[in-house]
Amino acid sequence: MTVRTRFAPSPTGFLHIGGVRTALFNWLFAQRHGGKFILRIDDTDEIRNLETALEPILKGLQWLGITWDEGPGVGGDRGPYFQSQRADRYATAAKQLLDTGFAYRDFATPEELDAERKEAQAAGRPFLYSRRFAAFDEKAATQFEAEGRRAVVRLKMPREGNLVIDDKVRGQVTFAWEREQDHVIQRADGSCLYHLATVVDDHDMEISHVIRAEEHLSNTPRQAFIYQSLGYTLPTFAHLPLVAEPGSRTKLSKRKLAKYLKNRDFAQVNEHGMKIANQIGLEPESDTFNPVIVDFYRDVGYLPWAVDNYLTLLGWSLDDHTEFFTRSQLIENFSLERVNSSPASFDPKKLWTVQDHYMQQLSTAEKLDLMMPFLLKSGLVDEPITDEIKGLVAQIIEASGDRLKVAGDILTYATFFLVKDLVLDPAAVTKRLAKPGTADLLKRFIEHIEAVEPFHPETLESALKSVVESSGKKVGDLIHPVRVAVTGTTVGPGLYDCLTILGREKSLARLRDALEFCQ
RNA sequence: GCCCCCAUCGUCUAGUGGCCUAGGACAUCGGGUUCUCAGUCCGAAAACAGGGGUUCGACUCCCCUUGGGGGUACCA
């Protein structure tokens with residue numbers, strides 16, 4: 001049997017991190033078994049602007065390298081791949097269920113149903129619809145219609161026996177049929193609901209393995225009933241553990257951002273991303289730009305594989321020590337058997353360290369390619385990009401070393417090299433320049449480096465040390481003021497590297513400018 | 001309420017009856033290195049939810065309790 005898996009997102013305007021994890025596992029499983037991964041769009045509800053709502057999802061998956069074999073943009077012979085274009089298929093299926101007696105027309109009003117539901121709850125027994133307004137023949141239907149009632153189509157669920165699902169993650173799960181509701185599959189206006197649509201689609205698209213989040217486990221019986229009643233064979237089910245909130249077991253949701261921001265790690269990662277976004281003029285809105293949404297990571301300059309690798313570890317592990325995988329290693333080793341069954345909470349800080357790991361593997365040239373767009377967007381560098389600029393940025397990248405965690409971090413470390421007029425951070429001035437004796441030391445350092453040859457880290461270091469030694473001071477007494485003078489801040493790459501990259505002219509100019517802040 | 005799922009350090013996890021004095025990673029804390037930061041090195045603290053069984057022997061199997069989560073829609 002050919003393995004065919006699918007991911008069926010609703011076009012909501014953004015790609016959620018939990019959704020990505022589901023997509024990833026489906027993709028990995030298909031890859032592992034030489035199968036196909038299908039992308040289907042669940043747009044049964046009215047979508048105001050499909051294009052706008054869909055694009056971030058498609059772009060996000062593409063960025064992550066989660067490619068689909070059939071679906072939007074690539075086609076396929078089991079389409080269409082948009083539920084909105086498949087309404088007639090669902091209606092046909094609903095009619096078939098009606099004709100074969102597995103569904104019935106129900107004329108109850110929502111209020112009548114609600115009353116029954118409340119009654120059952122008050123009595124402490126499970127709710128089971130009385131089927132009081134069910135029309136099992138034309139005569140009854142005509143009568144209800146004469147009363148001005150309108151019918152929906154409900155599943156006529158079995159009321160005895162059990163259903164046993166052999167879930168690939170959870171093992172055997174048993175449901176009693178009598179606890180299952182007669183769910184509505186078609187509204188009075190003829191439109192069909194999710195559960196019917198999903199089953200019909202999965203069957204039409206020959207999905208062999210339904211791999212989805214645990215929230216769907218309880219939905220499985222009613223879907224299984226539809227499969228059976230329509231004469232379809234059941235796919236293999238695998239219910240993945242939920243991706244939970246940071247430090248919690250509750251399902252991760254895009255709506256509870258304020259709560260997540262109270263989590264220190266989450267807040268830290270968010271703030272770091274926000275800073276970069278602001279520097280490249282994104283002016284992001286927090287409901288579409290935050291660590292729960294994939295765009296955040298792309299826009300800030302994370303590596304897609306770092307996100308994939310981290311997300312894979314959320315609910316799956318190979319063994320007791322392997323954490324980093326190449327794409328092919330992962331595909332080779334992925335299996336549903338090693339998927340965990342308990343919820344996994346999303347830890348942005350761990351993603352951060354996975355990202356750090358992969359970033360440090362890159363060559364300077366690779367980092368340059370990733371980071372240059374950020375410099376362009378921020379306006380620190382203009383088109384056309386000359387070899388001179390490239391060389392300069394490459395030097396900055398090398399000097400910055402593993403301080404660069406994401407591509408956007410280049411903005412933090414390149415700014416003071418590229419900016420025309422350096423603005424000194426007032427706090428740094430107070431801390432490092434406005435100290436007695438600093439002016440004198442700086443002046444002597446300026447004299448030393450005016451003529452030092454060559455203008456290189458080693459020679460600059462010995463120049464600085466000789467100034468310090470001859471004045472009976474400590475290295476820190478001079479090195480910190482110099483750093484603030486030439487970079488405007490207290491943190492950065494090695495000082496001698498900074499001076500060298502900046503060059504003699506600029507270094508001297510900045511040192512002289514800084515004298516006015518000294519004592 | 002009812003149904004289903006889940007339960008090892010704060011977090012991700014290893015563990016499939018004796019290899020467990022419970023291993024690794026992130027985070028945390030302490031220390032070394034360093035011009036700052038980042039890094040790096042060394043070290044510390046940190047868990048089998050509770051109670052019953054089964055067994056010569058339970059983190060591992062069974063039951064109960066407790067806790068957490070999901071579902072229970074003319075949402076997906």
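Per chain, numbering begins at 1; letters A, B, ... match sequence-line order. None of these values were measured; they are calculated from a predicted model.
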Does any donor-acceptor pair link the side chain of Thr250(A) with the base of G69(B) at a separation under 3.5 Å? no
Determine whether any donor atom in the side chain of Arg403(A) lies under 3.5 Å from an acceptor atom in the base of C37(B), or the reverse, and answer yes or no. yes
Short side-chain donor-acceptor distance under 3.5 Å, Asp319(A) and Thr322(A): yes
Using a distance-only test with no angle check, is there a side-chain donor-acceptor pair under 3.5 angstrom linking Thr487(A) and Thr489(A)? no
Mind checking Pro221(A) for me? I need base, sugar-phosphate or nothing, with any heavy atom below 4.0 Å counting as a touch. nothing
Asp402(A) side chain, from C-beta outward: closest of A76(B), G70(B), G39(B): G39(B)
Using the side-chain heavy atoms of Val173(A), tell me which of these nucleotides is nearest: C5(B), A14(B), U36(B). C5(B)
Using only heavy-atom distances, determine whether the side chains of Tyr104(A) and Asp182(A) contain a donor-acceptor pair under 3.5 Å. yes
Write down the partner of G43(B) under the Watson-Crick or G-U wobble criteria, each distance required to be under 3.5 Å. C29(B)
Nearest to side-chain heavy atoms of Ser10(A), which nucleotide of C35(B), A76(B), C2(B): A76(B)
Length of the line joining Leu217(A):CG and G69(B):P, which is rounded to integer Å: 17 Å
Report yes if a donor N or O on one partner sits less than 3.5 Å from an acceptor N or O on the other, where the partners are the side chain of His195(A) and the base of A76(B); otherwise report no. yes
Could you please name the option among C2(B), U36(B), G71(B) that lies closest to any side-chain atom of Arg179(A)? C2(B)
5' to 3', nucleotides 6-11 of chain B under a 4.0 Å protein heavy-atom cut-off (B base, S sugar-phosphate only, - none) gives SSS--S
How close or far is atom P of U72(B) from atom CD of Gln223(A), stated in whole angstroms? 11 Å
Report which part of the nucleic acid Arg432(A) touches: base, sugar-phosphate, or nothing (heavy-atom distance under 4.0 Å, all strands). nothing
For A14(B), which nucleotide is its Watson-Crick or G-U wobble mate, given both distances must be under 3.5 Å? none
Checking all strands, does His239(A) fall into the base, sugar-phosphate, or nothing category for heavy-atom contacts under 4.0 angstrom? nothing
Roughly how many Å is it from CG in Leu495(A) to P in U34(B), rounded to a whole number? 17 Å
Less than 3.5 Å apart, any donor N or O on the side chain of Asn309(A) or His357(A) sitting next to an acceptor on the other? no
Between Lys349(A) (NZ) and A25(B) (P), how many Å, whole number? 17 Å
Between Glu119(A) (CD) and U72(B) (P), how many Å, whole number? 22 Å
Residues Glu145(A), Arg105(A): salt bridge by 4.0 Å N-O rule: yes
With heavy atoms under 4.0 Å as the rule, sort Gly494(A) into base, sugar-phosphate or nothing. base
Residue Val491(A), side-chain heavy atoms: nucleotide from G71(B), C37(B), A25(B) that is nearest: C37(B)
Side-chain H-bond candidate by donor/acceptor type, Ser10(A) with Asp42(A), under 3.5 Å: no
From the list G70(B), U72(B), G15(B), which nucleotide is the closest neighbour of the side chain of Arg338(A)? G15(B)
Output the rounded distance in Å from CZ (Phe175(A)) to P (G71(B)). 13 Å
With a 4.0 Å cut-off on heavy atoms, is Thr322(A) in touch with a base, just the backbone sugar-phosphate, or nothing at all? nothing
Whole-Å distance separating the NZ atom of Lys405(A) from the C1' atom of C26(B): 14 Å
Hey, is Arg170(A) close enough to Glu214(A) for a salt bridge, meaning N to O under 4.0 Å? yes
Base-pairing mate for U36(B) - Watson-Crick or G-U, with both contacts under 3.5 Å: none
Which nucleotide wins on minimum distance to the side chain of Val184(A), given the candidates C74(B), C2(B), A76(B)? C74(B)
Mind checking the C1' distance from A25(B) to A14(B)? Whole angstroms is fine. 11 Å
Watson-Crick or G-U counterpart of A49(B), or none if no pair lies under 3.5 Å: U65(B)
Using Watson-Crick or G-U wobble geometry with both distances under 3.5 Å, which nucleotide pairs with G1(B)? U72(B)
Between Thr438(A) and Arg432(A), is any side-chain donor less than 3.5 angstrom from a side-chain acceptor? no
Would you check if there is a donor-acceptor pair between the side chains of Gln223(A) and His195(A) at a distance under 3.5 Å? yes
Determine the contact category for Gly476(A): base if any of its heavy atoms lies under 4.0 Å from a base atom, sugar-phosphate if only primed atoms, P, OP1 or OP2 are that close, otherwise nothing. nothing
Length of the CG-P vector between Asp319(A) and A25(B), whole Å: 13 Å
C1' gap between G68(B) and A73(B), integer Å: 24 Å
